[in-house]
Amino acid sequence: MCCMIDSDIPIINSKLLREKIQENSIRIVDVRREQEYQQGHITNAVNLPLAKLLADDSSESIQKIAQDLGISDETPTVIYDDTFGALSSRVVWALQYIGHEDVKLLDVTFSQWKDLGYEISTEVPEIETATHSVKINPEIMATAEYLEKVKENKNVVIIDNRERLNYLEQHIPGAINIPYRTLATDGKILRTKEGMKTLLKNRGISEDAEIITYCGSVGTLSGLAYYALKSIGVPNVKLYVHSFKEWKSLEKPIDKQENANYWDLSAE
Amino acid sequence: MAQQLRPSKPADKQSKIDWSRRQEAENFAETVKLFRQGKIDPDMFRRFRLQHGAYGTRMTDDYAMVRIKVPAGQVYPNQLEKIAQLSEMYSIGSAHFSTRENIQLHWVILEDVSEIMQSLSDVGMTSREACGNTVRNVMCSPMSGVCKDEIFDTTPYALAIARFMLRNPICQGLPRKFKFNFTCCEKHGMIRIVDVGLLPQIQEIDGEKRKGFKIFLGGGLGNRSFVGHQLEDFTPVEDLLYTSMAVIRIFDRMGDRKNLSRNRMRYLVNDLGWEKFQNLVLKERAVVKATQSVIVKLNIDDSVNEIQRPISVNDESASVPDGYARWEKTNVEKQSQSGFNSVFIGLEAGDITANQLRSVAEIIRDYSAEGFARNGFSQNIVIRYVHDDDLKSMYSRLIENGLAKTGSLTMASAVGCSGTTSCNLALTNSHRLAKEVQRKFLELNYDEDDDLKDSTIKISGCPNSCGQHQIATIGFYGGGGRHGTDMFPNYTMSLGGKFDEDAMLGHHTARVPVKRIIPVILKIIELFKENKQSDDTLAKWIDRVVSGNESSKITGVDDIKKAIAPLIVPPNVEDEPDFYMDYGSDTNYHTVTGKGECAA
Ligand code: HEM
Ligand code: SF4
């Protein structure tokens with residue numbers, strides 16, 4: 001497999017990316033809205049507004065999107081956003097789901113990239129469409145049905161990545177809460193590997209567990225957690241793509257923190 | 001529009017003192033693990049947890065409240081930004097300013113506490129000894145150094161005592177918590193309701209001016225409250241440390257370690273009698289002085305803070321924003337330094353969001369010539385050294401960030417403890433009630449009423465007084481009431497509390513159902529308006545009423561009771577279901593309490 005980007009580094013360093021920009025064999029994908037993209041993006045990046053992917057995330061649709069962006073099975077791909085990595089993680093997950101292997105997150109957001117004084121451009125690169133196969137990767141996908149089936153298993157850990165107040169108010173029974181903000185550090189979208197490992201260790205989450213992440217609705221915040229876990233080498237991580245919104249609409253059981261008026265503690 | 005060029009901001013000021021000790025975080029994480037594995041006795045763990053500043057949370061073992069100490073209330077922009085970040089990562093996206101100048105993060109997962117401690121080290125902060133049986137956060141009046149009536153600035157002494165006591169072996173296993181308060185003057189500090197309260201004094205001896213204190217001992221609020229006693233006429237600053245050590249040693253030796261509900265030092269003072277206790281302290285101080293093998297000294301940093309006005313963009317054409325006059329009247333205090341002001345930022349019952357914390361940090365950098373802020377005594381923040389010419393522009397910035405609530409220096413800014421929002425012992429949602437009262441006062445423009453200015457409203461969710469209700473002009477503590485078989489939240493109201501030179505605890509007057517509290521307060525204000533003298537204030541009037549010195553139609557507390565009696569009759573549950581629900585709840589009231597940790 002092509003190793004333009006060292007696969008041991010799970011997240012691409014912004015400095016390294018600058019060196020790679022000039023080489024056309026790598027695809028940089030900006031997942032912000034089209035308008036934002038047009039006002040300036042990382043040089044050579046192409047645009048995939050997240051909404052486009054969410055509109056239809058069947059494997060055929062993802063495949064077509066990849067091909068239209070010139071991403072073949074072998075193309076090293078780097079994704080970024082300006083939403084602390086949550087949108088781009090969701091795209092990474094989608095590509096991995098159809099079997100794309102070499103896809104990484106940029107370690108900073110677009111704003112941080114700009115603040116670092118790195119190159120941006122308004123030029124839209126020409127795209128040569130590519131062919132991409134579909135080799136579904138079922139072990140990274142969780143459905144409501146699946147979650148319900150395994151949630152009592154000893155080895156399964158369900159992680160809710162919404163903010164603490166949302167979690168206290170309602171969550172999937174048995175889920176633990178790691179708000180998405182916990183995953184970042186100052187100026188980087190993800191903690192260091194050691195930082196992430198410490199968090200898991202403190203919480204008593206075994207890296208051998210089967211971990212299922214979810215968030216509010218479309219799997220972005222939990223996509224970031226999915227990515228963060230994968231990137232430190234946790235082997236079995238699944239994203240519950242349709243998350244709590246679907247869970248509620250299916251009228252599945254819900255837990256809450258009883259006998260406390262914690263909402264009144266949060267300043268509006 | 002002539003805009004001045006913006007000079008670059010002066011470098012960010014940072015705390016000179018690092019209160020943290022990094023290893024403590026890791027140690028805490030390890031201990032939590034051992035506790036979860038059942039290898040540590042729960043009682044021992046609890047003591048350990050409290051010593052490190054983590055309280056339990058209402059009805060659950062899984063969450064903690066982390067109390068971050070802010071010695072002398074001095075807090076820096078980078079610290080506020082760090083707390084903002086931590087609140088989003090590990091708490092509910094907001095933080096809480098307490099009445100003892102601490103900053104609290106609620107609903108933190110116990111296993112994450114060590115990460116918070118770790119990050120606090122990055123900005124020199126600690127939660128160590130913020131709870132537990134030790135010397136708690138050392139407070140200092142937010143006006144110290146800028147107060148017009150102060151004799152000298154006690155801040156360096158407060159910081160030095162905090163430094164000396166923190167992690168000091170003599171403070172690790174006291175019978176109970178121990179509190180120091182320093183002030184600038186009688187009006188701005190609460191020196192008579194703590195174990196050791198200190199008021200600055202100057203004495204002239206042989207033409208030489210000597211700094212010192214009036215020291216008050218054995219005060220405190222709680223289920224039973226006491227006002228502190230003055231130790232001696234004058235205690236020179238050189239004796240500050242010896243006196244403090246003497247008091248702590250006596251308390252350590254003689255304090256009650258068995259009876260948890262009466263083991264604060266005030267009970268010891270009360271049991272022995274003041275004179276006996278006073279003698280003990282004076283003797284012990286002599287012993288401390290005589291027996292020290294090495295001279296122990298406080299590390300007092302008397303260096304002058306640099307005052308440098310950060311010139312922000314001075315836009316002269318900008319119009320005066322709406323509501324400026326009201327805000328200035330009720331939130332701004334002139335300093336002893338001419339041209340400078342202290343700006344009080346009121347928060348509803350002490351709550352502030354992460355984004356607001358970041359804005360406060362920026363506003364400090366842009367407007368405060370001293371470059372940091374002070375936590376106040378009423379769940380508020382004080383930004384000092386704001387130049388006269390910058391007030392309007394600062395007000396606009398505060399409005400933009402939802403931080404320009406008026407009435408911070410008035411009766412409108414009601415204090416409320418955490419109540420059922422997080423406290424295990426709470427019987428009612430005192431936190432929310434304080435917000436409701438404040439909103440009503442602001443709606444009625446009562447913050448602008450000079451007659452009400454020097455009065456206070458303080459609310460606790462149970463008799464334990466965390467909301468300091470006994471020193472309020474109108475104070476409340478929560479409990480349950482019953483009408484037939486139906487329960488409702490029912491507060492005990494006290495009137496006429498004071499914390500200044502004639503400190504006095506409020507007079508229990510009546511039990512008031514929660515949904516009648518606002519009408520009852522308004523009724524009392526109405527009675528006052530009808531019967532007041534021309535230059536009266538509500539606080540003065542209530543003082544006369546409770547002491548039986550009022551000669552109008554209302555001659556005593558009984559007349560107030562009579563006047564409010566019709567208001568507090570419980571309706572039938574069918575007629576007014578809302579009466580039976582607490583604020584912030586949509587189900588019928590019942591009391592639920594867990595195991596309290598106040599004594600731990
Ligand atoms: C018997 C038990 C307790 C007693 C006697 C007690 C007493 C007090 C007192 C007197 C204060 C006022 C501050 C001052 O000294 O000037 C205070 C403050 C405070 N206490 Fe307690 N306390 C108790 C238990 C608790 C518990 C269980 C909690 C909840 C975790 C709690 C939370 C607080 C808070 C948050 C403050 C600061 C006030 C604020 O919210 O701004 N206390 N406590
Ligand atoms: S007064 Fe009671 S309810 Fe309020 S914080 Fe203290 S113990 Fe809790």
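Below, chain A is the first sequence line, B the second, and so on; all start at residue 1.
- B:Glu348 does not touch chain A: none of its heavy atoms, backbone or side chain, sits under 4.5 Å away.
- Separation of atoms CG (A:Leu265) and NE2 (B:His431) is listed at 4.5 Å; rounding is to 0.5 Å.
- Chosen from A:Asp186, A:Thr198, A:Ile176, the residue pairing most often with chain B at heavy-atom distances under 4.5 Å is A:Asp186.
- Crowding of A:Lys188 atom NZ: a count of heavy atoms from other residues, nucleotides or ligands under 6.0 Å not exceeding 12.
- Within a 6.0 Å sphere centred on CD of A:Glu34, other residues, nucleotides and ligands contribute 12 heavy atoms or fewer.
- With rounding to the nearest 0.5 angstrom, the CG atom of A:Asn166 is 11.5 Å from the CD1 atom of B:Ile92.
- Using a 4.5 Å cut-off between heavy atoms, A:Tyr167 touches chain B through its side chain atoms alone.
- Heavy-atom pairs under 4.5 Å with chain B peak, among A:Thr182, A:Asn177, A:Leu165, at A:Thr182.
- Neither the backbone nor the side chain of B:Ser119 comes within contact range of chain A; no heavy atom of the residue lies under 4.5 Å from a heavy atom of that chain.
- With a 4.5 Å cut-off on non-hydrogen atoms, A:Leu168 touches chain B through its side chain but not through its backbone.
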Atom pairs and distances, donor-acceptor, side-chain atoms in residues 210-224 of chain A, under 3.5 Å, two or more places apart:
unit_1: A:Glu210; atom_1: OE1; unit_2: A:Tyr146; atom_2: OH; d: 3.4
unit_1: A:Glu210; atom_1: OE2; unit_2: A:Tyr146; atom_2: OH; d: 2.5
unit_1: A:Glu210; atom_1: OE2; unit_2: A:Lys238; atom_2: NZ; d: 3.2
unit_1: A:Thr213; atom_1: OG1; unit_2: A:Ser222; atom_2: O; d: 3.1
unit_1: A:Tyr214; atom_1: OH; unit_2: A:Asp160; atom_2: OD2; d: 2.7
unit_1: A:Tyr214; atom_1: OH; unit_2: A:Ile172; atom_2: N; d: 3.0
unit_1: A:Ser222; atom_1: OG; unit_2: A:Cys215; atom_2: N; d: 3.4

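- Annotation for A:Lys114: atom NZ does not count as buried by contact number, only 12 or fewer foreign heavy atoms lying within 6.0 Å.
- Heavy atoms closer than 4.5 Å to chain A are found in the side chain of B:Ser114, but not in its backbone.
- The two residues A:Asp264 and B:Asp351 come nearest to each other via the heavy atoms O-OD2, 3.1 Å.
- No donor-acceptor distance shorter than 3.5 angstrom exists from the side chain of A:Arg203 to the backbone of B:Asp112, with no hydrogens or angles considered.
- Other residues, nucleotides and ligands contribute only 12 or fewer heavy atoms inside 6.0 Å of the CD atom of A:Glu251.
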Item to complete: For the pair B:Arg58 and A:Gln257, evaluate side chain to side chain contact (heavy atoms under 4.5 Å, CB included) and give the outcome as yes or no after the intermediate values.
Response: CA-CA 10 Å; B:Arg58 189 168 174 78; A:Gln257 188 70 36; over 6 Å; no

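- Atoms CD1 and CG, on B:Ile109 and A:Asn202 in that order, are 11.5 Å from each other to the nearest 0.5 Å.
- Remark: A:Glu169 CD is packed, more than 12 non-hydrogen atoms of other residues, nucleotides or ligands lying under 6.0 Å away.
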Worksheet item: Going through the checks in order, is the side chain to side chain contact (heavy atoms under 4.5 Å, CB included) test met by A:Asn261 and B:Arg432?
Response: CA-CA 9 Å; A:Asn261 308 92; B:Arg432 176 65 174 271; over 6 Å; no

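- Here the CZ atom belonging to A:Arg164 is positioned 10.5 Å from the CG atom belonging to B:Leu105, to the nearest 0.5 angstrom.
- Interface remark: B:Ser94 contributes side-chain atoms only to the contact with chain A (heavy atom separation under 4.5 Å).
- Atom CD in B:Gln85 sits 9.5 Å away from atom CZ in A:Arg181 (nearest 0.5 Å).
- Contact record, A:Pro179 with B:Glu88: CB-O, 4.1 Å, taken as the closest heavy-atom pair.
- Taken from CD in B:Glu30 to NZ in A:Lys201, the straight-line distance is 6.0 Å, to the nearest 0.5 Å.
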